[in-house]
Asker: 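Okay, handing you the structure first.
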Amino acid sequence: MRIIRLIVPAVVSALLLVLTGCGADDAGSATRAEIKTLRIGTIGTGNVLTGPVGFAHQRGALLPALKPLGVDSIEVYSFPNGPDLNQALVGGRLDVATYGDTPALVARGSGLKTRLLAIAAVNYNAGVVAKDPSIRTLKDLAGKKIGVQSGSYIDRYLQGALKAEGIQAQLVHLLATDAEAPLNGGDVAAVALPDVNPSSFFHAFLAKGFHQVDSIQDNHPDLAGTSSSVSSQDFLDSHPRFGAAWQSVIGEANRYAKQHWDDYVNYEVTQSKSPEAVVRATARQSYIPDEIFAPSGIQLLTGTKQFLVEQKKIREDFGLEEWFYRPERTEQG
């Protein structure tokens, strides 16, 4: 029962964010005549932008790039997990969101009218940690409880890795922020964690003395996650110049971050609550793609979508090209 008590407050908090965190008046709807305030959704805490786009915002480069679209200000809303963010996006309370590929694909496969503006990041790592020294590989977790954020790219990795090795385990929904106590208390035998700043929980748990059981980077590179920048079709129809402008923002932000890598990593250090050594170990240029729809990202998305279809997490299969927002097309949607 201890796990349930830990999880419920996080779920309630997420629902409150969805219901009250974003403006509810008509002026804040996705189909409003003027954007004025751009509402961006992210995964994390603190209602701040992270990653290369966050770095651009800190440098004062983001708002001027969006001024020609009538954007006067930017509001950021953080959510604990992708499914919670989906509710706000399709409810018209967000204009654009950047989060993991799994919840983004599930939303589109559930019939929600979203468009993928960019594969904002590629090759995201995640890993499984344990406290019990007898647990050394995934096979040692057969029949045991593993905590994982349901509906996330970490969840997709864990399920894919277990399936690949023919292992049956009991997966328990557990946010990374709540994972340490149940792992220490033995409520779960292991936890699957993200390894992406500012949520560098995997390396942070290793620094605390937990040991690695498995990881994407070391054991399952084909299950790496990507980050999806998504908007609703309603918002793009109402503001047809936004899609291309946002793609330019992401492309330029990524280029600048890679060209000024030391400055960018220093920025990531300031955005994370993890120790500096953990953040620096987690920062990787390989996460930042050179193209909006990088071939490596498309390959990872294709594999993730196929897995979600097989798991019946996607109710209706769809073509990725239909989902990609390409301004040069004469028709969208």
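What's counted below: heavy atoms across the whole structure, side chains too, no hydrogens, waters or symmetry copies.
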Asker: NZ of Lys258: more than 12 outside heavy atoms within 6.0 angstrom?
Answerer: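 Above 12, so yes.
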Asker: Quick one: are Leu117 and Leu236 in side-chain contact, heavy atoms under 4.5 Å?
Answerer: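 Yes, side chains in contact.
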Asker: As a quick check of understanding, evaluate side-chain hydrogen bond (donor to acceptor under 3.5 Å, both in side chains) for Ser200 and Ser274, giving each step before the final call.
Answerer: CA-CA 7 Å; Ser200 47; Ser274 298; 3.2 Å; yes
Asker: Is there a donor in the side chain of Asn197 and an acceptor in the side chain of Arg280, or the other way round, less than 3.5 Å apart?
Answerer: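 The criterion, which ignores hydrogens and geometry beyond distance, is not satisfied for Arg280 and Asn197.
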Asker: Given side-chain contact (heavy atoms from CB on, under 4.5 Å), test Ile288 with Arg255 step by step and report yes or no.
Answerer: CA-CA 9 Å; Ile288 303 177; Arg255 283 190 292 273; over 6 Å; no
Asker: Test your reading of the model: is there a side-chain donor-acceptor pair from Ser152 to the backbone of Gln149, 3.5 Å cut-off?
Answerer: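 Present.
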Asker: When you look at Leu301 and Leu320, which way does the side-chain contact (heavy atoms from CB on, under 4.5 Å) test go after all the steps?
Answerer: CA-CA 8 Å; Leu301 272 182; Leu320 287 178; 4.0 Å; yes
Asker: Check the surroundings of atom CD in Gln285: do more than 12 heavy atoms from other residues, nucleotides or ligands lie under 6.0 Å from it?
Answerer: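 Check passes, neighbour count above 12.
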Asker: Taking all non-hydrogen atoms of both residues into account, name the closest pair between Leu223 and Ala161 and its distance.
Answerer: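 Scanning both residues completely, I find the closest heavy atoms to be CD1-N, 3.4 Å.
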Asker: Using only heavy-atom distances, determine whether the side chains of Ser231 and Trp246 contain a donor-acceptor pair under 3.5 Å.
Answerer: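 Side chains of Ser231 and Trp246: no pair found under 3.5 Å.
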Asker: Quick one about Glu165 and His220 (side-chain donor to acceptor, distance below 3.5 Å, no hydrogens or angles considered), yes or no?
Answerer: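 Looking only at side-chain atoms, Glu165 and His220 do form a donor-acceptor pair, the distance falling under 3.5 Å.
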Asker: Taking atom CD of Gln311 as the centre, report whether more than 12 heavy atoms of other residues, nucleotides or ligands fall under 6.0 Å from it.
Answerer: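 Counting other residues, nucleotides and ligands, CD of Gln311 exceeds 12 neighbours.
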Asker: Salt-bridged, Asp195 to Arg284, with N to O below 4.0 Å?
Answerer: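 Here Asp195 pairs with Arg284 in a salt bridge, since their nearest N and O are under 4.0 Å apart.
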Asker: With distance as the sole criterion, is a donor-acceptor pair present between the side chains of Thr31 and Ser238 under 3.5 Å?
Answerer: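 Side chains of Thr31 and Ser238: no pair found under 3.5 Å.
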Asker: Between Asp263 and Arg59, is there a side-chain N and carboxylate O pair less than 4.0 Å apart?
Answerer: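 Result for this pair is no, no salt bridge flagged.
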Asker: Answer yes or no: is there an ion pair linking Glu180 with Lys131, defined by an N-O contact shorter than 4.0 Å?
Answerer: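 Not counted as a salt bridge, because no side-chain N and carboxylate O are separated by less than 4.0 Å.
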Asker: Do Tyr256 and His260 have their ring centres less than 6.0 Å from each other?
Answerer: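 Distance test on ring centres: under 6.0 Å, yes.
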Asker: Check whether the side chains of Ser232 and Thr114 place a donor and an acceptor atom closer than 3.5 Å, and report yes or no.
Answerer: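 On atom types as modelled, these side chains do not qualify, holding no pair under 3.5 Å.
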Asker: Walk me through whether Gln212 and Asp218 qualify under side-chain contact (heavy atoms from CB on, under 4.5 Å).
Answerer: CA-CA 10 Å; Gln212 176 176 325; Asp218 294 336; 2.9 Å; yes
Asker: Is Arg115 close enough and on-axis enough to Phe324, meaning under 6.0 Å and within 45°, for cation-pi?
Answerer: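 The answer is no, since Arg115 fails at least one limit relative to Phe324.
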Asker: Report the C-alpha distance between Ile298 and Phe293 in whole Å, list the side-chain angles of each, state the deciding distance to 0.1 Å, and finish with yes or no for side-chain contact (heavy atoms from CB on, under 4.5 Å).
Answerer: CA-CA 7 Å; Ile298 294 175; Phe293 296 115; 4.1 Å; yes
Asker: Does CD belonging to Gln168 count more than 12 external heavy atoms closer than 6.0 Å?
Answerer: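 Open.
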Asker: If we count only N and O atoms by modelled type, under 3.5 Å, do the side chains of Asn86 and Tyr99 hold a donor and an acceptor together?
Answerer: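 Present: a donor and an acceptor within the cut-off.
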Asker: What closest approach, in Å, do Ala244 and Pro327 show between heavy atoms, and which atom pair accounts for it?
Answerer: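 Looking at all heavy atoms of both residues, the closest pair is CB-CG, 3.7 Å.
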Asker: Are Arg39 and Asp95 within salt-bridge range, i.e. N to O under 4.0 Å?
Answerer: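 Yes, this pair counts.
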Asker: Taking the six-membered ring of Phe307 (Phe, Tyr or Trp), confirm whether the NZ or CZ of Lys313 is under 6.0 Å from its centre and within 45° of its axis.
Answerer: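 Ring-cation test returns no.
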Asker: Distance to the ring centre below 6.0 angstrom and angle to the axis at most 45 degrees; does that hold for Lys208 and Phe205?
Answerer: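 Judged by the rule, Lys208 and Phe205 form a cation-pi pair.
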Asker: For Pro64 and Pro68, work out which heavy atoms get closest and say how close.
Answerer: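 Shortest heavy-atom contact: O-CD, 3.6 Å.
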